[in-house]
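One structure is given here, and the rest of the page talks about it.
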There are 2 protein chains.
Amino acid sequence: MRAGMAVLTVDAAGMRAQNSGLLLNMIWRERQISRAEIARRTELSPSTVSAIVADLELAGLVRSIGAGVSRGGRRPTLIGFCDEAFSLVGVELGASHVTVVLTDLRGRVRTQSKASHAVRGDPEGSLQKAKELIQECLDAERVPRRSVVGMGVAVPSPVHPASPGKMSPLILPAWKNVDVKEWFETTFDMPVFVDNDANLGALSECFWGAGSGGEDLTYIKLATGIGAGHIIHGDVYRGAGGTAGEIGHIAVDSNGPLCVCGLRGCLVTLIGSTALTERARELMGARGRKGPTVRDLVEGARAGDPAAKQIIDGMGAWLGIAVGGLLNLLNPAIVVLGGEISSVGELLLDPLRASVRQRALSVSMAETRIVTSALGERAIAVGAATLVLQAALRDRSLFPQQNVGRTA
Amino acid sequence: MRAGMAVLTVDAAGMRAQNSGLLLNMIWRERQISRAEIARRTELSPSTVSAIVADLELAGLVRSIGAGVSRGGRRPTLIGFCDEAFSLVGVELGASHVTVVLTDLRGRVRTQSKASHAVRGDPEGSLQKAKELIQECLDAERVPRRSVVGMGVAVPSPVHPASPGKMSPLILPAWKNVDVKEWFETTFDMPVFVDNDANLGALSECFWGAGSGGEDLTYIKLATGIGAGHIIHGDVYRGAGGTAGEIGHIAVDSNGPLCVCGLRGCLVTLIGSTALTERARELMGARGRKGPTVRDLVEGARAGDPAAKQIIDGMGAWLGIAVGGLLNLLNPAIVVLGGEISSVGELLLDPLRASVRQRALSVSMAETRIVTSALGERAIAVGAATLVLQAALRDRSLFPQQNVGRTA
DNA sequence: TGACTTTGTTCTTACGGCGAAGAAATCAAA
DNA sequence: TTTGATTTCTTCGCCGTAAGAACAAAGTCA
């Protein structure tokens with residue numbers, strides 16, 4: 001019954017793998033730390049720590065970075081993580097664009113490239129476009145294939161844990177016959193990890209944003225679609241069928257408009273980008289021929305335009321219904337709002353918090369921080385790259401072997 | 001950032017602990033299995049398996065139970081778990097009663113005792129009552145203190161992970177100065193685990209009920225209060241502040257009645273026992289002087305009383321709003337309904353499923369089984385005992401040492 | 001009956017962590 | 001400056017655990 005079968009047996013080699021993984025994580029997290037300090041914290045013996053650090057050094061993952069301050073005796077040698085030793089590729093297949101980033105092991109973007117593309121209906125073209133952009137990034141930095149750990153791909157569809165390359169036939173029917181994971185794997189010959197965009201936004205926030213403390217967190221992506229991703233115990237939570245976080249199709253208004261999903265009054269029909277810009281066209285008038293965009297809305301609200309503020313207020317109220325339910329059901333430590341519209345910051349957070357306060361227990365409300373993302377528009381693509389980093393920090397063997405097979 | 005610090009370092013002893021824990025779990029799960037089969041499944045060497053089994057046998061946790069069927073050679077010796085080797089105590093502090101069960105390591109109840117008591121306002125009396133009942137159970141079976149692994153306690157309050165003995169001052173203000181965990185620990189001198197009642201109902205279902213497959217599951221306790229418990233990755237999920245699963249205070253009707261929690265239209269004000277019986281009094285008329293009870297409602301519905309059925313239908317509709325949100329947000333594999341009213345079975349499930357269908361994505365809906373509990377009224381107390389079992393199966397050292405310290 | 005299979009044990013080997021001892025580096029106080 | 005204490009890190013031998021080979025025991029099947 002218990003899912004705990006994940007725990008595998010250990011032999012001598014497994015013991016080393018486990019301990020060295022622990023050390024690698026500690027060094028990554030602390031940025032710089034001495035052997036002695038590691039020994040104190042892990043309760044591993046100094047000799048063992050030294051041996052493992054030597055291992056990691058040989059693998060090119062950590063290195064000495066000078067001496068630290070003395071604690072009354074010999075000064076410690078600080079060990080640091082080699083952030084630049086390997087690269088990560090992050091791909092975002094958005095609704096209308098493809099973004100690619102190349103990052104180091106600290107989530108810093110070394111190159112990025114982006115192109116508009118109608119991803120929804122054109123799998124072949126989108127993948128081809130992605131391939132070009134990836135190649136572009138790799139070439140720009142002259143990154144050899146050997147130094148890339150792997151590739152993360154964010155897709156605008158739920159991903160079933162059992163078949164991570166397959167898109168949902170309801171959300172992306174045109175992608176029915178494509179296996180994204182397989183395609184990238186065969187095209188680039190490296191490990192590929194695929195996940196839903198909101199999940200990767202959440203991961204991004206967990207590693208580099210509001211949730212860097214490691215607490216449980218929910219990220220809400222406010223865009224054409226509305227999706228949420230949960231981080232639970234430091235890991236993306238996907239649910240039994242991969243559809244956890246489909247907050248956009250929570251029905252918040254039983255008299256609301258009909259949604260493409262077949263339900264009525266879904267959150268997305270009320271506060272999705274389309275609904276917002278339509279509302280803006282009504283209240284703010286047409287800008288040029290195409291009507292106001294989300295960007296116009298953001299700028300309007302920031303400039304104090306009452307119509308824009310009214311729209312944002314309404315959005316906060318609707319969103320609060322869903323977030324209130326979220327707090328009561330899941331009680332995350334942090335809720336992060338992402339997506340272009342979230343850049344209005346407090347203008348959205350104020351009405352949202354007010355709405356939540358009417359719908360969530362004061363306890364869970366008081367303990368939950370609700371914030372907007374500070375990671376910008378690359379958050380999702382970086383999150384995709386982070387998925388690879390997370391996997392590699394868990395399983396050292398994912399890092400490509402550099403110094404191939406020399407026996408000391 | 002990552003919560004992964006939970007992983008501890010390993011030395012030779014830890015290696016043995018890990019492997020023997022794995023074996024213990026496998027034997028518990030499989031009920032009977034041969035050494036050879038264990039070796040095949042775990043990929044441990046036969047010699048290692050033999051050594052570990054000998055260990056476990058010495059500890060009194062497993063024993064040989066005869067020969068199995070041959071696979072074309074010598075017949076295997078089947079190893080079985082000693083279900084009766086130790087006992088578990090489960091305590092449920094309900095809103096209006098205290099229940100105690102004494103179970104074996106397979107969740108079978110050996111003794112139980114129950115007493116009505118106004119737990120809410122009387123901490124001292126409740127604890128004293130619990131003490132008596134526990135003593136009663138232990139005496140009834142002549143169970144020596146030594147053979148009890150520990151005690152689980154279910155409380156009608158959220159429990160903060162950081163202070164598991166403290167009740168929520170909002171829900172149980174009278175219990176402000178009591179530390180339940182500490183009290184039981186000092187009174188009975190054994191390990192004590194405290195958790196919220198709905199969480200323990202969920203654990204009960206995960207181990208002994210609908211979720212025995214180990215999938216993610218949400219249990220909803222339908223009683224005076226409405227609470228939910230989540231099992232995620234085989235473990236109770238409590239949220240950042242311990243209030244995950246407070247589904248009773250999801251606001252499902254913005255025009256609904258005011259709730260004690262300060263919000264309006266909480267689920268509990270619409271389908272809590274009080275609301276149901278009140279509604280029943282209106283529609284079904286008074287039974288005797290006290291008005292119909294939940295039991296009357298169940299019997300009425302089963303007997304085909306249209307008023308009762310109408311009430312249950314309405315309940316399903318309201319509940320469906322919350323469950324719909326739950327499916328979209330968390331996407332559990334199973335939703336289990338518990339509490340007395342759930343014994344109406346399909347009469348509640350039908351309108352509930354219909355309501356959910358209008359509010360959840362068809363994907364998550366299709367993949368989620370929604371069922372009623374089959375564990376009966378002892379589910380929570382047994383869940384409390386199960387909390388101890390779960391802990392001990394994870395950390396063998398929690399089982400009391402029987403054959404104290406003889407070096408072979 | 002005899003060849004083959006499967007099970008489970010025994011014994012040796014290898015590996016990894018531990019602890020003690022020691023060397024090196026630094027501080028602090030004489 | 002010297003001396004002793006402290007901290008860091010390495011070296012080396014020990015020990016516990018798992019692996020593997022060899023073997024005995026107990027079956028099956030023709």
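Naming convention: chains lettered A, B, ... in sequence-line order (proteins, then strands); numbering from 1 in each chain.
No donor-acceptor pair closer than 3.5 Å links the side chain of B/Asp55 to the backbone N or O of B/Leu58.
Using a 4.5 Å heavy-atom cutoff, the side chains of B/Val89 and B/Val148 are in contact.
Within the 4.0 angstrom heavy-atom criterion, no nucleotide atom of any strand lies near B/Val49. Among the protein residues, A/Ser47 comes within range of the nucleic acid bases, having at least one heavy atom under 4.0 Å from a base atom. In this structure, B/Pro76 reaches the sugar-phosphate backbone alone: every heavy-atom distance under 4.0 Å involves primed, P, OP1 or OP2 atoms, never a base.
Within the structure, a side-chain polar atom (N or O) of B/Thr48 is placed less than 4.0 Å from OP1 or OP2 of D/dA19. Between B/Arg74 and D/dT28 there is no side-chain polar atom (N or O) within less than 4.0 angstrom of OP1 or OP2.
Comparing A/Gly73 and A/Asn19 by the nucleotide of DNA chain C whose heavy atom lies nearest to each, the residue mapping closer to the 5' end is A/Asn19.
Counting 5' to 3', DNA chain C first comes under 4.0 angstrom of a heavy atom of chain B and last does so at the ends given by C/dT5 to C/dG17.
Below 30°, between 30° and 60°, or above 60°: for A/His230 and A/Tyr237 the angle between ring planes is between 30° and 60°, a tilted geometry. Note on ring orientation: taking the six-membered ring where Trp is involved, the planes of A/Trp28 and A/Phe81 are perpendicular (angle over 60°, cut-offs 30° and 60°).
Under 4.0 Å is where a charged nitrogen must lie from a carboxylate oxygen, and between A/Glu84 and A/Arg108 at least one such pair does.
A donor-acceptor contact closer than 3.5 angstrom links the side chains of A/Ser45 and A/Thr48.
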